[in-house]
Amino acid sequence: MNCEDARPLIDSFADGELDLVNHVQVENHLEECLACDHAFRDRSALKKALADADLYFRAPTELRSKIRTALSEATTEPIYKRFFKSRWLPTLAAAALLVVAVPAVPCDGEPPPLPNNPQPIPTANSRTTAATAIQPIAPAARRPVVPVLCPRISDVTIE
Amino acid sequence: MKTSRGGTNNLVSGAKASADFEEVFLPHLDAAYNLARWLTRDPSDADDVVQEAFMRAFRFFSGFHGGDSRAWLLKIVRNTCYTWIKKNRPREIIYELDEEMHQATSGDPATVLQENIDRQLLRKLLDELPPAFREIIVLRDLEGLSYKEISSVTELPLGTVMSRLARARQRLHRDAAASATGVLG
């Protein structure tokens, strides 16, 4: 192992997070490379400084009480109140509005003719009366027809 | 007060869920607060964020099927923190990641660190790191999470955890050495 391989692994080595093979290789490299050994000692010193500096913030005691109270309120609250506080409520309301407001697409009428296409569009709908409009389709050109209420242009093969 | 049977059952199961939740997650309150405090850099904001995170965790408690409860909670705390920061201090999210891996140092940096870095200075330097660097040092060096746990909390690949932690420490070390020799601050 050379310096280029060892340097990216020095932090993991210092943290004891390397697998055995890499750990031994880095260890051997540090014994023979002063620069990488310095880098390792830098990391170890920084880790020690961080550990000794007492940088940990402990939660205030009142926070524990606040959380307990909030949890208690949340569990004793009636379901309908919880529903109205739900963050999904606006999304549900919007979805409901869409369902009500958007009218169903009429399926009984003829689909509008395609521009520059004099032929009527064959459809997969059984209500199509113009039987002659459906021509035999060559097997290679066949595409799956999805049974939907309204035919989609993409599902129709035009010959 | 008259309560329907279903209502009573709901209350009982709610109380049980709350008790179970407290038993599993309240022991990690310090860890949650520590992460939130370092990410928000304000005690009052950290209070709010941790409360919000615990309520979120409680809402999703049914989705917790055992395993590492601390990592599960810290993931929610972290996400809540970033949501809060995006809303309240959007500029903080924009950070630069220092790609320098090989920083030339003079003398014996280990000695420099041990002799000259005091607690207040180290706290200040850590506080000034970009959030992505700060959080990874907090999770590893203050909280003692394994790389795998950090990967789970931050949703980063293990390799990115390794390289980001190395860059974060490199940056902190560089700033500390510069402070100690009077280049900074």
Please assess A:Asp15 against B:Arg169 for the test salt bridge (Lys or Arg N to Asp or Glu O under 4.0 Å), listing each intermediate value before the final yes or no.
-> CA-CA 12 Å; A:Asp15 287 332; B:Arg169 284 179 179 156; 2.9 Å; yes
I'd like to check [X] versus [Y] (side-chain heavy atoms, cut-off strictly below 4.5 Å). Are they in contact?
X: A:Glu17; Y: B:Arg140; value: yes
X: A:Phe57; Y: B:Pro43; value: no
X: B:Leu172; Y: A:Leu50; value: yes

Measuring from atom [atom1] of [X] to atom [atom2] of [Y], what distance do you get when rounded to the nearest 0.5 angstrom?
X: A:Ile10; Y: B:Gln170; atom1: CD1; atom2: CD; result: 10.0 Å
X: B:Asn34; Y: A:Arg58; atom1: CG; atom2: CZ; result: 8.0 Å
X: A:Ile67; Y: B:Tyr33; atom1: CD1; atom2: OH; result: 11.0 Å
X: A:Leu55; Y: B:Arg37; atom1: CG; atom2: CZ; result: 11.0 Å

Residue pairs involving residues 44-53 of chain B (criterion side-chain hydrogen bond (donor to acceptor under 3.5 Å, both in side chains); sequence neighbours excluded) | A:Lys66-B:Asp47, B:Asp45-B:Arg89, B:Glu52-B:Arg56
Salt bridge present between A:Asp11 and B:Arg167 (N-O < 4.0 angstrom) = no
Residues of residues 21-32 of chain B with a heavy atom under 4.5 Å from any heavy atom of chain A, in residue-number order, are B:Phe21, B:Glu22, B:Leu26, B:Leu29, B:Asp30, B:Ala31
For the hydrophobic clusters of this structure (ILVMFWY residues joined by side-chain heavy atoms under 4.5 Å, transitively), does one cluster hold both B:Phe60 and B:Leu73?
-> yes
Is there a path of hydrophobic side-chain contacts, each under 4.5 Å between heavy atoms of I, L, V, M, F, W or Y residues, that connects A:Leu20 with B:Leu158?
->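 In one cluster with A:Leu20: B:Leu158, no.
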Non-hydrogen atoms of chain A under 4.5 Å away: do they reach the side chain of B:Ile137, the backbone, both or neither?
-> side chain
Please report, to 0.1 Å, the donor-acceptor pairs under 3.5 Å made by any side chain of residues 21-29 of chain A, with sequence neighbours excluded.
| from | atom 1 | to | atom 2 | distance (Å) |
| --- | --- | --- | --- | --- |
| A:Asn22 | ND2 | A:Asp19 | OD2 | 3.0 |
| A:Asn28 | ND2 | A:Val24 | O | 3.3 |
| A:His29 | ND1 | A:Met1 | O | 3.1 |

Qualifying ring pair (Phe, Tyr, Trp, His ring centres under 6.0 Å) pairs, either residue in residues 143-164 of chain B, two or more places apart |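 Of all non-adjacent pairs touching residues 143-164 of chain B, none passes ring pair (Phe, Tyr, Trp, His ring centres under 6.0 Å).
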Keeping the roles fixed (side chain from B:Trp38, backbone from A:Tyr56), state whether a donor-acceptor pair exists under 3.5 Å.
->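 It does not hold such a pair.
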Over all atoms of both residues, closest heavy-atom pair of A:Ala53 and B:Leu122 | CB-CD2, 3.9 Å
Is chain B contacted by the side chain of A:Ala70, its backbone, both, or neither, given a heavy-atom distance below 4.5 Å?
-> both
